[in-house]
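Sequential numbering from 1 along the given sequence is applied to the chain's residues.
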Amino acid sequence: MTEKPNNLKPSAGEIILRYFAWLRERTGLSEERLVLPPEVLTVGDLLLWQSRRGHPFDQAFAKPEAIRVAIDHTHAKPAALIASAREIAFFPPVTGG
């Protein structure tokens, strides 16, 4: 897992994963580019896979219900397919008031 500069587009098969707020703090990454395993088809699959990657991802993704996901800048539910995604962002729920 190697971070590349932000201005590079992902290579064929790669996807950009971006981490915001406490997810960035817990993973120690603002983003990473990698090739997902073929069995990771949906947002729910990705959240589960993240929780099984070992430290620090196991702690950061221990409560997937507390994580919001956006695929290519659009909010996505756990059943959403990620096959054509170029970028997936993980962030905590946003509150206002």
Side-chain angles (χ1 to χ4, degrees):
M1 182 167 46
T2 304
E3 278 197 83
K4 296 179 180 179
N6 289 343
N7 59 351
L8 295 177
K9 294 182 179 181
S11 302
E14 279 187 330
I15 191 165
I16 300 171
L17 301 180
R18 295 189 191 273
Y19 304 94
F20 294 93
W22 54 261
L23 287 155
R24 179 179 53 226
E25 294 168 10
R26 291 181 186 171
T27 62
L29 298 170
S30 60
E31 75 171 46
E32 64 179 330
R33 297 156 195 262
L34 47 78
V35 176
L36 296 176
E39 67 271 16
V40 177
L41 302 175
T42 66
V43 167
D45 294 341
L46 180 57
L47 290 169
L48 180 61
W49 180 76
Q50 289 278 48
S51 73
R52 294 178 175 168
R53 289 178 68 188
H55 184 77
F57 296 95
D58 55 344
Q59 294 175 354
F61 287 85
K63 295 182 178 180
E65 67 278 5
I67 300 171
R68 299 298 177 258
V69 177
I71 298 175
D72 296 329
H73 305 271
T74 301
H75 287 266
K77 299 285 186 189
L81 295 174
I82 60 173
S84 61
R86 295 178 50 99
E87 174 187 300
I88 298 179
F90 302 100
F91 51 92
V94 177
T95 60

To the nearest 0.5 angstrom, please state how far the [atom1] atom of [X] sits from the [atom2] atom of [Y].
| X | Y | atom1 | atom2 | value |
| --- | --- | --- | --- | --- |
| Leu23 | Arg68 | CG | CZ | 11.0 Å |
| Leu46 | Ser51 | CG | OG | 10.0 Å |
| Glu87 | Glu14 | CD | CD | 13.5 Å |

| field | Residue pairs, two or more places apart or on separate chains, that pass ring pair (Phe, Tyr, Trp, His ring centres under 6.0 Å) and touch residues 18-44 | value | Tyr19-Phe90
Tell me which donor-acceptor pairs under 3.5 Å the side chains of residues 56-67 have, and how far apart each pair is, sequence neighbours excluded?
none

Linking I/L/V/M/F/W/Y whenever their side-chain heavy atoms sit closer than 4.5 Å, directly or via other members, would [X] and [Y] fall into one cluster?
| X | Y | answer |
| --- | --- | --- |
| Val43 | Leu41 | no |
| Phe91 | Leu47 | no |
| Val40 | Leu29 | yes |

Give me the atom names and distance for the closest heavy-atom approach of [X] to [Y].
| X | Y | answer |
| --- | --- | --- |
| Ile71 | Leu81 | CD1-O, 3.6 Å |
| Ile15 | Arg86 | CG1-O, 3.6 Å |
| Ile88 | Val69 | CG2-CG1, 3.6 Å |
| Glu39 | Asp45 | O-OD2, 3.5 Å |

| Does the distance from a Lys or Arg side-chain N to an Asp or Glu carboxylate O, for Glu32 and Arg53, drop under 4.0 Å? |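 Looking at Arg53 together with Glu32, the answer is yes, because their closest N to O distance falls below 4.0 Å.
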| Considering residues at least two apart in sequence or located in another chain, which fulfil the salt bridge (Lys or Arg N to Asp or Glu O under 4.0 Å) criterion with Glu25? | none
